[in-house]
Each structure stands twice: as structure tokens, then as C-alpha cells.
Amino acid sequence: CEAALLVESGHYKALEELIVVTAPIRLRRERLIKRDGISEKLANQMIEAQISDKERLAHATYHVRNDGDTTHLYEQMKSIVEKWREAGWL
């Protein structure tokens, strides 16, 4: 299940585990502006309207940092999948 507002909506409670992916505010802003073609002001407003990483991470089973290249992201996800395999989930 992938959903940007799992914690805000409370739907995370129906999950056995939760992966929270974070990135520095600077990167989020840059990505929003590039992806959506919006102003920096609007990007900041959108980010400020979200709950904090601290609040989201309070419910996380795993924390993935999306602040590097795709290899770094892959290694983090690979580690989680290995834990699931060890637990017999896969």
C-alpha cells in the first residue's frame, strides 16, 4: 500500500509495518517545483501543510532516507526486503 497521507488519515493502523520515506526539505522543494512546475512559494506552502517527519516517523517500522542517489535508495529497500524474507513474509 502506498499513500502519501497514511499517517495523517490514520490508515497506517491497518498495516503490520510502515515504511516512512523522508528527504531534506530543500530536496522536497526542488522536486515539487520540478515535478509540478509550481512556484517556490507554493512548494513551501505545500510542505508546511504536511505533518512533520518526526510525527510520521513516530509510527514507522522502517525509515528510508531519499537524500542520495538511486543506489543508496535501493540498498535501503533491499535491507528491508531481506528482513521480510527472514521473517517468512516473502
Side-chain angles (χ1 to χ4, degrees):
C1 178
E2 185 283 323
L5 302 174
L6 270 175
V7 174
E8 292 89 334
S9 68
H11 288 100
Y12 73 94
K13 294 173 185 174
L15 305 174
E16 290 189 41
E17 295 194 327
L18 176 65
I19 301 171
V20 172
V21 181
T22 63
I25 299 295
R26 172 188 54 79
L27 278 177
R28 291 183 206 179
R29 183 182 312 109
E30 290 172 8
R31 291 170 179 168
L32 269 171
I33 292 168
K34 183 177 180 180
R35 184 193 70 198
D36 296 352
I38 60 175
S39 69
E40 183 175 347
K41 181 180 179 181
L42 181 55
N44 286 332
Q45 289 173 338
M46 291 171 71
I47 291 168
E48 289 170 10
Q50 298 174 351
I51 66 169
S52 70
D53 286 346
K54 183 177 180 180
E55 291 173 280
R56 212 174 277 114
L57 288 168
H59 305 286
T61 311
Y62 303 100
H63 178 198
V64 172
R65 290 171 180 83
N66 189 5
D67 58 358
D69 59 21
T70 54
T71 301
H72 177 66
L73 193 60
Y74 174 81
E75 290 302 321
Q76 293 176 83
M77 294 307 299
K78 183 179 172 184
S79 174
I80 293 170
V81 170
E82 287 172 4
K83 289 176 184 176
W84 290 347
R85 281 195 180 112
E86 291 170 5
W89 290 9
L90 299 176

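Only this structure's heavy atoms are used, side chains among them; waters, hydrogens and symmetry mates stay out. The shown structure was predicted, so the numbers you read here are calculated from the model rather than taken from an experiment.
- Placement of L32 and I25 within a single hydrophobic cluster is found when ILVMFWY residues are connected by side-chain heavy-atom separations under 4.5 Å, directly or transitively.
- M46 places a side-chain heavy atom less than 4.5 Å from the side chain of I38.
- M77 is listed as a side-chain neighbour of V64, based on a closest heavy-atom distance under 4.5 Å.
- Expressed to the nearest 0.5 Å, how far CG of D69 lies from CD of E75 amounts to 10.0 Å.
- A heavy-atom distance below 4.5 Å is found between the side chains of H72 and D67.
- Counting only heavy atoms from C-beta outward, the side chains of I47 and R29 approach each other to under 4.5 Å.
- Across all non-hydrogen atoms, the minimal contact from A43 to I33 is CB-CG1, 3.9 Å.
- How far CD of Q45 is from CD of E40: 11.5 Å, rounded to the nearest 0.5 Å.
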Next item on the list: Could you give me the CA-CA distance, side-chain angles and deciding distance for K83 and I80, then say whether side chain to side chain contact (heavy atoms under 4.5 Å, CB included) is met?
Entry: CA-CA 5 Å; K83 289 176 184 176; I80 293 170; 5.6 Å; no
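- Here the CD1-CD distance, from I19 to Q76, works out to 10.5 Å after rounding to the nearest 0.5 Å.
- Across I51 and E55, no two heavy atoms sit closer than the pair CB-OE1, 3.5 Å.
- Atom-to-atom distance recorded for L15:CG and L6:CG is 6.0 Å, nearest 0.5 angstrom.
- Taken from CZ in R26 to CZ in R31, the straight-line distance is 9.0 Å, to the nearest 0.5 Å.
- Nearest approach of A23 to D53, heavy atoms of both residues: O-OD2, 4.3 Å.
- Classification of the W84-Y62 ring pair by plane angle, with boundaries at 30° and 60°, yields perpendicular.
- Residues L18 and V7 form a side-chain contact, since some pair of their non-hydrogen atoms from C-beta on lies under 4.5 Å apart.
- The only option from H63, R65, R28, K54 that meets the side chain to side chain donor-acceptor pair (under 3.5 Å) definition with T22 turns out to be H63.
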